[in-house]
Colleague: 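Please see the structure below; I have some questions.
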Amino acid sequence: MSIQWYPGHMTKARRSIAESMPSQDVVIEVLDARMPLASENPVLAELRGQKPCIKVLNKSDLADPAVTTAWLRYFEAEHAAPPDEAERGASPGGQVLAIAISASQSSEARRRIPELCKRLAPPKNGPGKVVRAMIVGIPNVGKSTLINVLMERKVAKVGDEPAVTKSQQLVTLKTGMAISDNPGILWPKIDDEAASFRLAVGGAIPDTAIDYQSVALFAAGYFLRRYPELLVARYKLKELPETATALIEEIGRRRGCLRSGGSVDLHKASDILVHDFRAGRLGRISLEEPPGLESPSGIEESA
């Protein structure tokens, strides 16, 4: 599944981020902890350049904790300065730190994110000098929720759908740090089929832009391989279906998604599976693991 998705407001958002980037000290890129690589926008990496960055793995309470730990190690190892540069006290430009948070860890986020920003930002001298940070990420990854957590009150509109934030918003934290929230942007064309499916399963792409049943089949096949015990528990299965289609059909029968004549309405059954995942009702699931990592569950990484 190759997706082309770049509506007008995303073009405007990209331009706004590009114009504001030079004045920023730190970039806070919010990723989906269930699929950190798929939700890492290459357009944002290009716009960021050598600005130091904090990778925030959001929704970590929905992700497999062992896999999330592996992702934190991956991001910091990938962007670590070579030993000789570190010994010479190299500039923090381009440095990346990673943190995993969830909606239930609001006090942790309020404490650690400003601390990390100050650690990465160049020294600020003189009266009125404050650290400026920009929050960026793909749609529906939790940027506005993070803004509200950091501000300790609702200042940004949030919703369980992509593209809720329409324009850039600047706020000042109690610490004096200035943070701008920006609309989520996807890259112009997503050619990686597996990444496309992961983004669709997680809700980063509007349901109207995807083949819902195909997305559910991808998810069902993945869950069968990686988290079969969670499927058995959630849908009270007597035995595990052998195929993705069989799983969706079984979910449809158990949840009453039947057409006249007794056939299963696969669209309704697909809707149940995908939304059970998005809401965390299946359990803690990660949709991908760091490249080259041997899965903590002992299952090989798949495309």
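Note that the coordinates shown come from a computational prediction; the quantities given were computed from them, not determined experimentally. Basis for what follows: all heavy atoms, side chains included, without hydrogens, waters or symmetry-related copies.
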Colleague: Would you say that H275 contacts R281 through its side chain, given a criterion of any heavy-atom pair below 4.5 Å between the two side chains?
Modeller: yes
Colleague: Are any of the side-chain heavy atoms of V27 and M21 separated by less than 4.5 Å?
Modeller: yes
Colleague: So, R253 and E250, do they make that salt bridge, N to O below 4.0 Å?
Modeller: yes
Colleague: Keeping the roles fixed (side chain from W71, backbone from E288), state whether a donor-acceptor pair exists under 3.5 Å.
Modeller: yes
Colleague: Using 30° and 60° as the class limits, which term best fits the ring planes of Y227 and Y222: parallel, tilted or perpendicular?
Modeller: tilted
Colleague: Mind checking the CD1-CG spacing from I28 to L97? Nearest 0.5 Å is all I need.
Modeller: 11.5 Å
Colleague: Is there a salt bridge (Lys or Arg N to Asp or Glu O under 4.0 Å) between R111 and E108? Walk through the geometry before answering.
Modeller: CA-CA 5 Å; R111 178 181 69 84; E108 179 78 355; 3.2 Å; yes
Colleague: Is V149 reachable from I179 through a run of hydrophobic residues whose side-chain heavy atoms are each under 4.5 Å from the next?
Modeller: no
Colleague: Can you find a pair of side-chain heavy atoms, one from M177 and one from V130, that are under 4.5 Å apart?
Modeller: no
Colleague: Does L44 offer a backbone N or O that forms a donor-acceptor pair with the side chain of R14 under 3.5 Å?
Modeller: no
Colleague: Verify, without hydrogens or angle tests, whether K59 (side chain) and L31 (backbone) share a donor-acceptor contact under 3.5 angstrom.
Modeller: no
Colleague: Does any non-hydrogen side-chain atom of C117 lie less than 4.5 Å from one of D25?
Modeller: no
Colleague: Is there a donor-acceptor pair under 3.5 Å between the side chain of N182 and the backbone N or O of I135?
Modeller: yes
Colleague: Could you report the tightest heavy-atom contact between E249 and L266, atom names first, then the distance?
Modeller: CG-CD2, 3.7 Å
Colleague: Which heavy atom in Y235 sits nearest to a heavy atom in L282, and how many Å separate them?
Modeller: OH-CD2, 3.5 Å
Colleague: Looking at every non-hydrogen atom in both residues, tell me the closest pair between N140 and G203 and how far apart they are.
Modeller: ND2-O, 3.1 Å
Colleague: So, do L224 and L231 sit near enough that their side-chain heavy atoms are less than 4.5 Å apart?
Modeller: yes
Colleague: Quickly, which of L62, T68, D61, L57 forms a side-chain contact (heavy atoms from CB on, under 4.5 Å) with S102? Name it, please.
Modeller: D61
Colleague: Please walk me through it: do R34 and I285 pass side chain to side chain contact (heavy atoms under 4.5 Å, CB included)?
Modeller: CA-CA 7 Å; R34 300 166 298 176; I285 290 176; over 6 Å; no
Colleague: Would a distance-only check, ignoring hydrogens and angles, find a side-chain to backbone donor-acceptor pair under 3.5 Å from R198 to L287?
Modeller: yes
Colleague: Got a donor-acceptor contact below 3.5 angstrom from the D32 side chain to the S39 backbone?
Modeller: no
Colleague: With rounding to the nearest 0.5 angstrom, report the CG to CD1 distance, D265 to I248.
Modeller: 11.5 Å
Colleague: Check S260 against S263 and note the closest heavy-atom contact, atom names and distance.
Modeller: O-OG, 4.4 Å
Colleague: Return the CD to CD distance between E76 and Q95, rounded to the nearest 0.5 Å.
Modeller: 8.5 Å
Colleague: Could you walk me through whether R234 and L230 pass the side chain to side chain contact (heavy atoms under 4.5 Å, CB included) test, one step at a time?
Modeller: CA-CA 6 Å; R234 173 62 184 171; L230 297 182; over 6 Å; no
Colleague: Do the non-hydrogen side-chain atoms of V264 and L258 ever get within less than 4.5 Å of each other?
Modeller: yes
Colleague: Counting only N and O atoms by type, is there a donor-acceptor contact under 3.5 Å from the side chain of S286 to the main-chain atoms of D64?
Modeller: yes
Colleague: If Ile, Leu, Val, Met, Phe, Trp and Tyr residues are connected whenever their side-chain heavy atoms lie under 4.5 Å apart, and connections chain through other members, are V215 and I251 in the same group?
Modeller: yes
Colleague: Is it true that a side-chain atom of R254 and a backbone atom of K236 form a donor plus acceptor pair closer than 3.5 Å?
Modeller: yes
Colleague: Measuring from E229:CD to L240:CG, what's the distance to the nearest 0.5 Å?
Modeller: 9.5 Å
Colleague: Flag yes if more than 12 heavy atoms outside E239 fall under 6.0 Å of its CD atom; otherwise flag no.
Modeller: no
Colleague: Hey, mind stepping through V131 and L120 against side chain to side chain contact (heavy atoms under 4.5 Å, CB included) and telling me if it holds?
Modeller: CA-CA 10 Å; V131 174; L120 289 177; over 6 Å; no
Colleague: Counting C-beta onward and ignoring hydrogens, is there a side-chain heavy-atom pair between L47 and M134 closer than 4.5 Å?
Modeller: no
Colleague: Apply side chain to side chain contact (heavy atoms under 4.5 Å, CB included) to residues V171 and L150 and explain how you reach the verdict.
Modeller: CA-CA 10 Å; V171 299; L150 294 174; over 6 Å; no
Colleague: For the CD1 atom of I17 and the OG atom of S180, what is their distance to the nearest 0.5 Å?
Modeller: 8.5 Å
Colleague: For the residue pair M151 and T172, what are the closest heavy atoms and their distance?
Modeller: SD-O, 3.4 Å
Colleague: Taking all atoms of both residues into account, what is the closest heavy-atom pair of C53 and R48, and its distance?
Modeller: CB-NH1, 3.4 Å
Colleague: P291 versus Y74: any side-chain heavy-atom pair under 4.5 Å?
Modeller: yes
Colleague: Do V67 and L72 sit in one hydrophobic cluster, given that two such residues count as connected whenever their side-chain heavy atoms are within less than 4.5 Å of each other, even indirectly?
Modeller: yes
Colleague: Salt bridge between K143 and D181, side-chain N to carboxylate O under 4.0 Å?
Modeller: no
Colleague: So, does K55 use its side chain to make a donor-acceptor pair with the main chain of F75 at under 3.5 Å?
Modeller: no
Colleague: Please check: side-chain N/O of S60 versus main-chain N/O of I101, any donor-acceptor pairing under 3.5 Å?
Modeller: yes
Colleague: With a 4.0 Å cut-off, would you call K174 and E152 a salt bridge?
Modeller: yes
